[in-house]
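Notes to accompany the following structure.
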Amino acid sequence: MKKAKVLLCGVAAALLMTGCGDMPDLTQDETELISEYAVGVLLKYDTGHGRRLVDTSGYEEPVEEEEPAPEEPAEDMEEESAPETQEPVEVVDVSQDEEETQPAVSSVEEYYGIPNMMINYTGCEMVDSYPQEEEGAVPFFSLEASPGKQLLILKFNAQNLSGEDQQLNMLGYGATFRISVNGESSRGALATMLVNDMQTYDSLIPANSSVELVSIVEVPQGTNAGSIDFILRGNGEDGTLHLQ
């Protein structure tokens with residue numbers, strides 16, 4: 001750049017000294033050529049010339065965004081684990097165990113909370129039909145055992161302990177019974193239309209009087225009732241009354 005400025009200054013001095021006798025006379029064309037040459041030298045060595053013509057500092061080339069590489073599946077996802085083999089579930093009948101763990105109760109009236117009443121078990125009998133037909137009398141309702149079965153009749157005595165007549169409504173207490181004979185699985189007491197069926201009894205017992213009530217279940221023919229458990233339901237938790 002310094003060389004260009006010295007050369008330009010030399011040319012300018014020559015032009016200024018055209019009137020002196022030491023310099024040759026230049027034509028108009030020669031003067032213009034020298035001027036153009038001097039301008040070309042200045043532009044060539046002027047490093048800021050390009051920026052003054054076009055300033056591209058404010059323009060940036062767009063940068064292409066690289067697409068993210070696809071994630072490789074984890075190794076543990078590539079291999080499917082073998083399905084676990086479930087062991088067969090053993091089905092256990094716990095109905096008998098549940099009955100054995102039921103709390104024992106001392107009486108029917110205690111379990112159902114029947115006031116001024118005492119209900120005692122008096123015995124049982126095995127029959128083919130109930131009630132027994134009496135000569136010349138037709139029972140209102142009779143029950144026949146199924147083929148290969150017998151009827152086990154459980155007998156109870158319900159006594160009114162008060163000095164007044166008292167209504168005994170077993171239906172109102174929601175009484176239901178199950179019976180287990182000789183430790184076997186319990187069976188539901190039969191629902192009958194007998195007027196003295198304890199499960200559905202609803203009648204007035206006179207003061208200081210008692211009535212016989214029954215509960216009936218079917219058992220296989222020839223069963224010998226060695227032990228009998230009377231299971232009471234309808235008052236929340238079941239209770240077991242050991243009859244014999």
Using only atom types and a distance under 3.5 Å, with no angle test, would you say the side chain of [X] pairs donor to acceptor with the backbone of [Y]?
X: Glu109; Y: Ile119; result: yes
X: Glu212; Y: Lys155; result: no
X: Gln159; Y: Asn208; result: no
X: Ser209; Y: Ala207; result: yes
X: Asp238; Y: Arg233; result: no
X: Asn116; Y: Ser162; result: no
X: Asp229; Y: His242; result: no
X: Asn169; Y: Asp202; result: no
X: Arg178; Y: Ser186; result: yes
X: Tyr111; Y: Asn235; result: yes

Give a yes or no on whether [X] and [Y] share a hydrophobic cluster (residues Ile, Leu, Val, Met, Phe, Trp, Tyr; joining criterion: side-chain heavy atoms under 4.5 Å apart).
X: Ile153; Y: Leu213; answer: no
X: Val217; Y: Ile231; answer: no
X: Ile216; Y: Phe141; answer: yes
X: Tyr201; Y: Met118; answer: no
X: Val211; Y: Val195; answer: no

Taking the side chain as everything from C-beta on, heavy atoms only, tell me whether [X] gets closer than 4.5 Å to [Y].
X: Gln150; Y: Thr223; answer: no
X: Pro131; Y: Ser142; answer: yes
X: Ile179; Y: Ser215; answer: yes
X: Leu152; Y: Cys124; answer: yes
X: Asp197; Y: Met170; answer: no
X: Val214; Y: Leu154; answer: no

Handout entry: No-hydrogen, no-angle side-chain donor-acceptor test under 3.5 Å, Gln167 and Ser203
Key =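 No pair is found: no donor N or O on one side chain lies under 3.5 Å from an acceptor on the other.
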
Problem - Donor-acceptor pair between Gln244 and Tyr121 side chains, under 3.5 angstrom - result: yes

Considering all heavy atoms, the nearest [X]-[Y] contact:
X: Val105; Y: Gly239; value: CG1-CA, 4.1 Å
X: Ser107; Y: Leu241; value: N-CD1, 3.9 Å
X: Asn182; Y: Asn224; value: ND2-O, 2.9 Å
X: Ala225; Y: Ile228; value: CB-CD1, 4.0 Å
X: Ala145; Y: Leu151; value: CB-CG, 3.9 Å
X: Pro206; Y: Asp165; value: CA-OD1, 3.2 Å

Fill in the blank from the handout: One should read off an interatomic distance between Leu143 CG and Thr192 OG1, to the nearest 0.5 angstrom, of 7.0 Å

Exercise for the section: Can you measure from CD (Glu218) to CD (Glu144) and round to the nearest 0.5 angstrom? Expected result: 10.5 Å

Handout entry: Residues Thr176, Gln199; criterion side chain to side chain donor-acceptor pair (under 3.5 Å); working and verdict
Key = CA-CA 6 Å; Thr176 56; Gln199 196 165 232; 5.2 Å; no

Exercise for the section: Evaluate side chain to side chain contact (heavy atoms under 4.5 Å, CB included) for Met193 paired with Thr200, printing each intermediate quantity in order. Expected result: CA-CA 8 Å; Met193 296 179 64; Thr200 58; over 6 Å; no

Exercise for the section: Determine the interplanar angle of the Phe230 and Phe156 rings, folded into 0 to 90°, and report it as parallel if under 30°, tilted if 30 to 60°, perpendicular if over 60°. Expected result: tilted

Practice task
Give the C-alpha distance, both sets of side-chain angles, the deciding distance and a yes or no for side chain to side chain contact (heavy atoms under 4.5 Å, CB included) between Gln166 and Asn160.
Solution key: CA-CA 7 Å; Gln166 182 170 328; Asn160 181 2; 3.6 Å; yes

Problem - Stepwise side chain to side chain contact (heavy atoms under 4.5 Å, CB included) check, Ile205 with Met117 - result: CA-CA 10 Å; Ile205 300 178; Met117 194 71 61; 4.0 Å; yes

Problem - Greater than 12 external heavy atoms within 6.0 Å of Glu164's CD - result: no

